[in-house]
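From a predicted model like this one, the values you see are computed outputs, not experimental measurements. Side chains are part of it too, since the values below use all heavy atoms of this structure and drop only hydrogens, waters and symmetry mates.
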Amino acid sequence: QAVDTRNLPSQDTRLIAEGDLWRRRGHTDDALALYQQAVDQRPSLFNQLTLLDALSEIGQYDRAEALVTSLRGAHPLSSEVLAVQANLAAAQGQTDRAVDLYRRAIAVQTALTQDSSRTQLALAQVLLDANQLDEASTEIDQVLARQPSDPLAYRLQGDYWHKRHEAEN
């Protein structure tokens with residue numbers, strides 16, 4: 001056993017921790033089995049999102065879509081579920097759908113006075129990938145206005161300027 005999990009609060013937490021260790025070592029199939037056991041024991045939103053992320057990572061999109069559809073039914077106002085669904089759409093090259101879902105997640109976060117910076121930057125990445133540079137720049141600038149030291153925003157801003165330079169030449 002790679003880590004002592006006896007002090008973790010519950011069996012599902014231990015399964016998630018062990019799954020994370022396997023996943024970091026590149027053994028996603030082993031991690032999936034542990035994540036599924038955790039969901040079976042306690043189908044919390046966190047456990048299900050962890051499983052969903054791993055499914056998406058290895059390209060099991062049908063299974064991931066089924067899970068995210070179930071989560072949306074159970075948590076219709078969850079910005080986290082919307083953002084994960086957007087990530088899934090982006091991973092499948094469904095840019096318009098991903099943009100729409102990210103915008104919905106940002107709207108929910110704004111309504112709930114939650115920080116939307118990470119979601120806006122994920123949206124900016126999708127927009128950059130789709131060469132929608134002006135829209136991407138707007139999202140990046142909004143994040144930098146609120147968080148002027150955000151390193152991911154600056155990385156994306158650099159990507160924006162690189163793409164802008166390429167488009168001009």
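- A105 and T119 make their closest contact through CB-CG2, 3.9 Å (heavy atoms, listed as atom of the first residue, atom of the second, distance).
- The line from CG of L101 to CD of Q94 is 9.0 Å long, rounded to the nearest 0.5 Å.
- Of the inter-residue distances, the one linking Y102 atom OH with Q85 atom CD reads 11.0 Å to the nearest 0.5 angstrom.
- A ring-ring contact (aromatic ring centres under 6.0 Å, His included) check over residues 29-66, counting only residues at least two apart or in different chains, returns nothing.
- Applying the side chain to side chain donor-acceptor pair (under 3.5 Å) test to E166 and every residue at least two apart in sequence or in another chain returns H162.
- The two residues L152 and D150 come nearest to each other via the heavy atoms N-OD1, 2.9 Å.
- The environment of N131 atom CG is dense: over 12 non-hydrogen atoms of other residues, nucleotides or ligands sit within 6.0 angstrom.
- Looking only at distances, a side-chain donor or acceptor of T138 sits under 3.5 Å from a matching main-chain atom of D134.
- Connection of L127 to L121 is not established within any shared hydrophobic cluster, with ILVMFWY side chains joined at heavy-atom distances below 4.5 Å, either directly or through further cluster members.
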| Is there a side chain to side chain contact (heavy atoms under 4.5 Å, CB included) between R23 and L34 once you walk through the steps? | CA-CA 10 Å; R23 192 172 173 191; L34 293 166; over 6 Å; no

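- Atoms CD1 and CG, on I16 and L21 in that order, are 11.5 Å from each other to the nearest 0.5 Å.
- Of the inter-residue distances, the one linking Q37 atom CD with L15 atom CG reads 5.5 Å to the nearest 0.5 angstrom.
- Under the 4.5 Å side-chain heavy-atom criterion for ILVMFWY residues, no single connected hydrophobic cluster contains both L112 and L71.
- Partners of H27 according to the ring-ring contact (aromatic ring centres under 6.0 Å, His included) rule, which considers only residues two or more places apart in sequence or in another chain, are W22.
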Distance-only check: which donor-acceptor pairs under 3.5 Å involve side-chain atoms of residues 74-84, not counting sequence neighbours?
{"residue": "S78", "atom": "OG", "partner": "E80", "partner atom": "N", "Å": "3.3"}
{"residue": "S78", "atom": "OG", "partner": "V81", "partner atom": "N", "Å": "3.1"}
{"residue": "S79", "atom": "OG", "partner": "Q114", "partner atom": "OE1", "Å": "3.2"}

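- At least one donor-acceptor pair under 3.5 Å links the side chain of Q92 to the backbone N or O of L88.
- Residue L67 holds its CG atom at 8.0 Å from CD of Q36, rounded to the nearest 0.5 Å.
- A donor-acceptor contact closer than 3.5 angstrom links the side chains of S10 and T13.
- Following chains of ILVMFWY side-chain contacts shorter than 4.5 Å, one cannot reach L133 starting from L123, and the two form parts of different hydrophobic clusters.
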| CA sep, side-chain torsions, deciding dist, call: K163, D159, salt bridge (charged side-chain N to carboxylate O under 4.0 Å, His left out) | CA-CA 6 Å; K163 283 185 171 268; D159 292 347; over 6 Å; no

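- Distance CG/D141 to CZ/R146: 11.5 Å, rounded to 0.5 Å.
- In terms of hydrophobic clustering, with Ile, Leu, Val, Met, Phe, Trp and Tyr side chains grouped at heavy-atom distances under 4.5 Å, L49 and L32 are assigned to a common cluster.
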| message | side chain to side chain contact (heavy atoms under 4.5 Å, CB included), that's the test. Do V143 and I140 meet it? Break it down for me. | response | CA-CA 5 Å; V143 171; I140 296 165; 6.0 Å; no

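- Here the side chain of S56 pairs no donor or acceptor atom with the backbone of L52 at under 3.5 angstrom.
- In this structure, the side chain of S44 engages the main chain of N47 through a donor-acceptor pair within 3.5 Å.
- Residue pairs meeting the salt bridge (charged side-chain N to carboxylate O under 4.0 Å, His left out) criterion with at least one partner in residues 92-106, sequence neighbours excluded, are E65-R97, D100-R104, R103-E135, R103-E139.
- Residues Q48 and P43 share a closest heavy-atom pair of NE2-O, 2.6 Å.
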| Stepwise side chain to side chain contact (heavy atoms under 4.5 Å, CB included) test for D129 and T95 | CA-CA 9 Å; D129 292 344; T95 301; over 6 Å; no

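- Counting only residues at least two apart or in different chains, salt bridge (charged side-chain N to carboxylate O under 4.0 Å, His left out) contacts with residues 29-48 comprise D12-R42.
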